[in-house]
**Q** 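Can you read through this structure? Questions will come right after.
Each ligand, and each atom within it, is numbered from 1 in the order the structure gives. Basis for what follows: all heavy atoms, side chains included, without hydrogens, waters or symmetry-related copies.
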Amino acid sequence: MSDITKGAPGVPQAGTPASFALDFGKAWEYAPAPESPDHVKIAPKYELFIGGKWTAPQSKKYFDTVNPATEQKLAEVAEASAADVDAAVVAARTAFEKYWAKMPGKERAKYIFRIARAIQEKARELAIVETMDGGKPIKESRDFDIPTAAAHFFYHAGWADKLEYAFHGRKARPLGVAGQIIPWNFPFLMAAWKIAPALACGNTVVLKPAETTPLTALLLAQIIEECELPPGVVNIVTGAGATGAALVDHPGIDKIAFTGSTAVGKRIQRAVAGTKKRLTLELGGKAANIVFADAPIDQAIEGIVSGIFFNQGHVCCAGSRLLLEESVHDVVIRKLKDRMATMRLGDPLDKNTDIGAINSKAQLERIKELVASGELEGAERHSLACTIPEKGYWFPPTFFTNAGQAFRIAREEIFGPVLTIMTFRTPDEAIEKANNTMYGLSAGVWTDKGSKIFHMATQLKAGVVWGDTFNKFDPSSPFGGFKESGFGREGGRQGLGAYVEVE
Ligand code: NAP
Ligand code: MG
């Protein structure tokens with residue numbers, strides 16, 4: 001065991017042999033540079049957004065959403081019951097029949113374009129609320145989540161009047177009402193990722209955000225209201241798993257789009273079996289990031305670090321397994337430690353923060369439990385020595401060496417800033433190890449040779465294979481899984497297919 005983190009509850013204390021903290025003197029110390037939340041208005045209470053109106057839940061129940069970096073309550077949010085979900089589905093059906101499906105694509109495009117512009121105008125506020133509600137560093141919500149969400153609306157605005165070109169001249173009809181359920185790791189981006197293609201294709205939407213991160217979906221509802229979309233085209237119902245289940249079970253839904261865990265995805269697949277509902281599932285992952293000896297190592301280090309520590313590892317396609325060609329194992333580990341020693345964990349609103357808060361106490365417990373299993377099974381743990389804030393949920397960037405393929409840390413999704421490192425000797429061994437998982441969402445290959453990247457990409461059973469880079473996204477690029485990472489694609493021309501019936 002090797003952690004030297006101070007003050008983390010349940011995390012062992014300093015002084016153990018394999019801990020590391022390089023002494024760069026004051027070279028990496030920055031003055032605090034917090035983004036001010038002063039101008040951001042978070043209401044004390046949020047209702048449901050149904051049929052274009054802010055509606056109190058029929059149950060009169062509300063739940064708290066907290067800031068995981070401070071444990072402070074941010075707002076009370078309505079808990080939608082099955083009756084509220086029903087009202088939202090009815091509103092979406094009415095909007096579909098009365099306005100949205102009838103509207104020419106070029107008119108729908110204008111609304112979607114307007115949403116994209118409004119997101120850009122409110123980008124700063126959205127980034128701050130995203131960071132406060134979910135715990136991710138402001139530089140990520142500001143530079144990645146919000147701009148990419150706007151890009152999804154811009155991209156799909158462009159498709160709305162060109163659908164016949166997407167399907168080679170065949171007519172594409174919308175499906176009807178889409179029920180969309182999203183997780184807490186990219187709350188605003190996932191909402192955009194789901195809503196934009198549905199609207200472009202002429203469907204109406206009932207979306208349920210995750211319980212711990214509902215706020216930016218509610219701000220998106222405000223944007224949609226300001227953009228004067230016809231009432232009921234987009235409905236936002238907040239709540240927990242039961243609200244999601246009510247949406248899945250509702251007979252008035254034509255399509256379910258789900259992003260979340262494989263366990264819940266399987267439950268949803270069983271629930272919609274035998275119904276008319278179409279289904280796409282974006283589930284978990286255990287991506288292999290494969291580094292060959294001929295790779296540009298310094299560049300690979302950046303890809304490894306961003307692959308697993310980006311958003312505290314709360315990323316379904318995180319490069320959570322690192323496969324190193326044996327001859328470069330030691331040099332990569334040394335450089336990885338050097339790079340990690342420059343990382344700053346702390347206030348997510350600080351522009352210099354690299355590692356923010358873990359999204360919830362429950363998620364922190366899951367990470368700790370899996371990390372403990374890695375130590376018990378005999379892997380060697382290396383955690384960055386850093387000061388852990390007193391309040392909030394935190395886990396230091398960590399990697400394991402000497403891990404076996406059968407260890408839980410090599411098989412199960414940790415969904416935290418924890419990397420499991422293994423080695424290989426030949427490309428075939430790398431492929432075999434990378435594919436030795438029930439998941440298949442993404443993979444990375446680092447090498448000097450383009451031909452090797454293409455060879456590996458054809459052999460790896462993963463929806464996305466990045467070559468000499470990692471965690472790069474674009475609305476025009478389809479994303480989705482193999483095996484138990486789900487089915488269906490989101491983004492690009494392929495993503496449109498999930499929201500239309502082609503004649
Ligand atoms: P989760 O527990 O499956 O939750 C996902 C969403 O489903 C949440 O809104 C959740 O509500 C809701 N939900 C829970 N139980 C439900 C049920 N029985 N019926 C319908 N909806 C239900 O997953 P999570 O822990 O929030 O998210 C992490 C997982 O998402 C990871 O496994 C990750 O890999 C995966 N993920 C995948 C992708 C991808 O594109 N493949 C992207 C991001 C995340 P509450 O949160 O309110 O309980
Ligand atoms: Mg929260």
**Q** Strictly under 4.0 Å, does any heavy atom of G265 approach an atom of ligand 1?
**A**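 No heavy atom of G265 comes that close to ligand 1.
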**Q** Verify the distance criterion only: is there a donor paired with an acceptor across the side chains of Y393 and E365 at less than 3.5 Å?
**A**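 Side-chain D/A pair, Y393 to E365: absent.
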**Q** Extract all donor-acceptor atom pairs below 3.5 Å that involve side chains of residues 487-497 and protein atoms in other chains or at least two apart in sequence.
**A**
residue	atom	partner	partner atom	Å
R489	NH1	G481	O	3.2
R489	NH2	G481	O	3.3
E490	OE1	W193	NE1	3.4
E490	OE1	K194	NZ	3.1
E490	OE2	K194	NZ	2.7
R493	NH1	A166	O	2.9

**Q** Quick check on contacts: which atoms of ligand 1 are under 4.0 angstrom from a heavy atom of F258?
**A**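 Ligand 1 atoms under the 4.0 Å threshold to F258: 3 (O), 5 (C), 6 (C), 7 (O).
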**Q** Is the NZ atom of K351 crowded by more than 12 outside heavy atoms at less than 6.0 Å?
**A**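 Yes, the 6.0 Å shell around NZ holds more than 12 heavy atoms from other groups.
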**Q** Return the closest protein heavy atom for atom 12 (C) of ligand 1 as residue, atom name and distance.
**A**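 Result: I181 CG2, 3.7 Å.
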**Q** Is the shortest N/O to N/O distance between S485 and ligand 1 below 3.5 Å?
**A**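 N/O-N/O distance below 3.5 Å does not exist for this pair.
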**Q** In the protein, which heavy atom is nearest to atom 32 (O) of ligand 1, and how far is it?
**A**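 Of the protein heavy atoms, E413 OE1, 2.6 Å lies nearest.
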**Q** Is there at least one pair of N or O atoms, one from N185 and one from ligand 1, spaced under 3.5 Å apart?
**A**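 By distance alone, the answer is no.
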**Q** Under 3.5 Å, is there a donor-acceptor pair between the T280 and K255 side chains?
**A**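 A donor-acceptor contact under 3.5 Å links the two side chains.
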**Q** Does a salt bridge link E35 with R124, judged by any charged N lying under 4.0 Å from a carboxylate O?
**A**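 Salt bridge flag = yes for R124 with E35.
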**Q** Angle class for the Y155/W159 ring planes (parallel below 30°, perpendicular above 60°, tilted otherwise)?
**A**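 Perpendicular.
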**Q** Between ligand 1 and L283, is the shortest N or O to N or O distance under 3.5 Å?
**A**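 The answer is yes, given that L283 and ligand 1 share an N or O pair closer than 3.5 Å.
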**Q** Report the protein N/O/S neighbours of the Mg ion (ligand 2) that fall below 2.8 Å; do not count waters.
**A**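 Listed by chain and number, the nearby protein N, O or S atoms are T65 OG1, V66 O, D133 O, D133 OD1, T212 O.
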**Q** Decide, yes or no, whether a salt bridge links E226 with K122 under the criterion of side-chain N to carboxylate O below 4.0 Å.
**A**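 The answer is yes: the pair qualifies as a salt bridge.
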**Q** What protein heavy atom lies closest to atom 27 (O) of ligand 1? Include the residue and the distance to one decimal.
**A**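 Result for atom 27 (O) of ligand 1: P183 CB, 3.4 Å.
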**Q** Should K139 and D350 count as an ion pair when the cut-off is N to O under 4.0 Å?
**A**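 Salt bridge: no.
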**Q** Should F479 be listed as contacting ligand 1, given a heavy-atom distance under 4.0 Å as the test?
**A**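 Right, F479 reaches ligand 1.
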**Q** Can N471 and W466 be said to form a side chain to side chain donor-acceptor pair (under 3.5 Å), step by step?
**A** CA-CA 8 Å; N471 271 352; W466 285 292; over 6 Å; no
**Q** What protein heavy atom sits nearest atom 16 (C) of ligand 1, and how far off is it?
**A**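 Heavy-atom neighbour on the protein nearest atom 16 (C) of ligand 1: V264 CG1, 3.4 Å.
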**Q** Tell me which part of F415 gets within contact of ligand 1: side chain, backbone, both or neither, using heavy atoms under 4.0 Å.
**A**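 For F415, the contact with ligand 1 is made by the side chain alone.
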**Q** List the closest protein heavy-atom neighbour of atom 18 (N) of ligand 1: residue, atom name, distance to the nearest 0.1 Å.
**A**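 Heavy-atom neighbour on the protein nearest atom 18 (N) of ligand 1: R267 NH1, 3.4 Å.
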**Q** Where is the nearest protein heavy atom to atom 21 (N) of ligand 1: which residue, which atom, and how far?
**A**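 Answer, as residue, atom name and distance: G244 CA, 3.6 Å.
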**Q** Using distance alone, with no hydrogens and no angle criterion, decide if T65 and D133 have a side-chain donor and acceptor under 3.5 Å apart.
**A**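 Present: a donor and an acceptor within the cut-off.
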**Q** So T212 and N359, side chain to side chain donor-acceptor pair (under 3.5 Å) or not? Walk me through it.
**A** CA-CA 8 Å; T212 57; N359 183 267; 2.8 Å; yes
**Q** Return the residue, atom name and 0.1 Å-rounded distance of the protein heavy atom closest to atom 46 (O) of ligand 1.
**A**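 Its nearest protein heavy-atom neighbour is E211 N, 3.4 Å.
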**Q** More than 12 non-hydrogen atoms from neighbouring residues, nucleotides or ligands closer than 6.0 Å to CD on E302, yes or no?
**A**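 Counting other residues, nucleotides and ligands, CD of E302 exceeds 12 neighbours.
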**Q** Protein heavy atom under 4.0 angstrom of atom 30 (O) of ligand 1, is there one?
**A**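 Looking at atom 30 (O) of ligand 1, one finds that a protein heavy atom does lie closer than 4.0 Å.
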**Q** Taking atom NZ of K361 as the centre, report whether more than 12 heavy atoms of other residues, nucleotides or ligands fall under 6.0 Å from it.
**A**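 Not buried by this count: 12 neighbours or fewer within 6.0 Å.
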**Q** Thinking salt bridges, do E412 and R408 make one under a 4.0 Å N-O criterion?
**A**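 Yes, E412 and R408 are salt-bridged.
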**Q** Show which atoms of ligand 1 fall inside a sub-4.0 Å distance from at least one heavy-atom site of A240.
**A**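 Close to A240: 11 (O), 47 (O).
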**Q** Before signing off on this row, confirm whether T259 and ligand 1 have an N or O atom pair separated by under 3.5 Å.
**A**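 The answer is no, given that T259 and ligand 1 share no N or O pair closer than 3.5 Å.
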**Q** I want to confirm something. Looking only at heavy atoms, which of G241, G480, G284 is nearest to atom 48 (O) of ligand 1?
**A**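 Minimum heavy-atom distance to atom 48 (O) of ligand 1 goes to G241.
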**Q** Considering only heavy atoms of G239, which atoms of ligand 1 have at least one such atom less than 4.0 Å away?
**A**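 Those of ligand 1 that fall under 4.0 Å from G239 are 47 (O).
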**Q** State whether the shortest distance between N or O atoms of G260 and N or O atoms of ligand 1 falls below 3.5 angstrom.
**A**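 Yes, there is a polar N/O contact under 3.5 Å.
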**Q** Will you find, in the side chains of E130 and T216, an N or O donor that is under 3.5 Å from an N or O acceptor?
**A**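 Side-chain D/A pair, E130 to T216: present.
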**Q** Please walk me through it: do Q72 and N67 pass side chain to side chain donor-acceptor pair (under 3.5 Å)?
**A** CA-CA 5 Å; Q72 272 165 359; N67 180 339; 5.8 Å; no
**Q** Hey, are S81 and S59 close enough side-chain-wise for a donor-acceptor pair under 3.5 Å?
**A**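 Looking only at side-chain atoms, S81 and S59 do not form any donor-acceptor pair under 3.5 Å.
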**Q** Heavy atoms only: which of C316, S261, C317 lies closest to atom 23 (O) of ligand 1?
**A**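 The nearest heavy atom belongs to S261.
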**Q** Among H314, K208, Q180, E282, which one has a heavy atom closest to atom 11 (O) of ligand 1?
**A**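 Result: the heavy atom closest to atom 11 (O) of ligand 1 is in K208.
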**Q** Counting only heavy atoms closer than 4.0 Å, does ligand 1 sit against the backbone of Q363, its side chain, both, or neither?
**A**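 The answer is neither; Q363 stays 4.0 Å or more away.
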**Q** Can you check whether I182 has an N/O within less than 3.5 Å of an N/O in ligand 1?
**A**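 Yes, there is a polar N/O contact under 3.5 Å.
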**Q** Are the ring centres of Y46 and Y62 closer than 6.0 Å?
**A**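 No, they do not, as the ring centres are separated by 6.0 Å or more.
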**Q** Side chain or backbone, does W184 bring an N or O within less than 3.5 Å of an N or O on ligand 1?
**A**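 Right, the criterion is met.
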